[in-house]
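Structure record follows, encoded as structure tokens.
Labels below follow one simple rule: chain letters A, B, ... track the order of the sequence lines, proteins then strands, and each chain is numbered from 1. Remember, predicted model here, so these are calculated numbers, not experimental data.
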Protein chains: 2
Amino acid sequence: MSLRIALLGLLDATGPASGYDLAKAFEKSLNHVWQAGHTQIYPELVKMAEDGLVEVESEGARGRKIYAITPEGAARLHEWLVGHEPSVVIRSETALQAFLLSLLDVDDAIAVVRRIKADAESRLAGLECLGSPGSELFTGRFALDLGLRQARAMVDWAEATLAVLGERKASLQGA
Amino acid sequence: MSLRIALLGLLDATGPASGYDLAKAFEKSLNHVWQAGHTQIYPELVKMAEDGLVEVESEGARGRKIYAITPEGAARLHEWLVGHEPSVVIRSETALQAFLLSLLDVDDAIAVVRRIKADAESRLAGLECLGSPGSELFTGRFALDLGLRQARAMVDWAEATLAVLGERKASLQGA
DNA sequence: AGCTACATGTAAGACGTTACATGATTTT
DNA sequence: AAAATCATGTAACGTCTTACATGTAGCT
């Protein structure tokens, strides 16, 4: 369902586009929010066209098909955005690592948390770059801000956790 | 793959347990980290037993089967925890809503963000409750801290966004 | 006798990833 | 002429959800 919403949202925000364009848009603007490759996007667009949410506006060179959102599609999009209940389906491998951290000895745990921290920092840097002046964000300024806050929360967690693990290590060595 | 890890982690941390027990454990301790119902857990345990990662230690009343982690399973768990590269597969419906917020008029946007805020606050309250003294957290203190930070980041984002939207609304009315 | 909690499973379908496959146009 | 990019698709497989299905034990 949400893949449909993401596609409708992109079509609504940026105007008609091909599946190829939409796949590119996922890569460069939506990727910190939702992920999808072309193998998922192409069949979905066909189904959405069957359901009257989008239509092939024109066909270009190399079999290029330009899809446009229909009024029905726009209505569904609006409905979802306004009416969707926040459902927190969390499935984070990093959080799972964090959950099981106490099963590791201190040195392993420190190594794991350092890796998580480095990853979060590079993600943070990437997002900061996206938001820097000059970069065009047709939409998604709010989502970028959310992404930044979440990445910072992860970095902060890693730092706090490293501090705790460092203390634990020191007290073990003292013993 | 990660479902296996979560199950191995629970078995390693708390000792032998039935599929039923593990499903309960998911509900009450892992649910803010990974989610899985019994229909996913039971078949997975069978496959894991075939792969030698767990074994049926004993059978109790009502067809109850107690699974225990094998040395092989413990080795795989350790390997994953230490070696797993952080892969950020983000698929957050809330972030998608945030991304498309500018497609809504200001009042709708405010309503959506308020709902997100309320949801994040109740999640935060639930986590704070889990962490309160007296509650037994056999493992997962670090994951709880991470969850708290992420929930707080969401609440902060909602507040900041509401402030921006409020200003936007005021300037529209002034015009 | 009926209700609740325990305990396990199957099956259909939605959603997602990886690998495979094809061909047109543009650039080097 | 070769390579890169554009552009679309299918198939197999794995994961996850929802609905269905079954039976036991304890409590009231």
Exercise for the section: Please state whether the phosphate of C:dT17, meaning OP1 or OP2, lies under 4.0 angstrom from any side-chain nitrogen or oxygen of B:Arg91. Expected result: yes
In whole angstroms, the gap separating P of C:dG9 from CD1 of B:Ile41 amounts to 12 Å
Ignoring backbone atoms, test whether A:Gln40 places a side-chain nitrogen or oxygen under 4.0 Å from the OP1 or OP2 oxygen of C:dT17. yes
When rounded to whole Å, the CG to C1' distance for the pair B:Asp51 and D:dG14 reads 14 Å
Hey, what are the protein-to-nucleotides 21-27 of chain D N/O distances that come in under 3.5 Å?
none

Judged by nearest nucleotide, the residue sitting upstream toward the 5' end of DNA chain C, B:Val89 or B:Tyr67, is B:Tyr67
B:Phe26 CZ to D:dT17 C1', in whole Å, measures 15 Å
query: With distance as the sole criterion, do the side chain of B:Thr39 and the base of D:dT18 form a donor-acceptor contact below 3.5 Å?
result: yes
Among D:dA7, C:dA5, C:dG9, the one nearest any side-chain atom of A:Tyr42 is D:dA7
Considering only heavy side-chain atoms of A:Asp21, the closest of C:dG16, D:dA7, D:dC16 is D:dA7
A:Tyr20 OH to C:dT26 C1', in whole Å, measures 12 Å
Rounded to whole Å, CG of A:Leu45 lies from C1' of D:dA7 at a distance of 13 Å
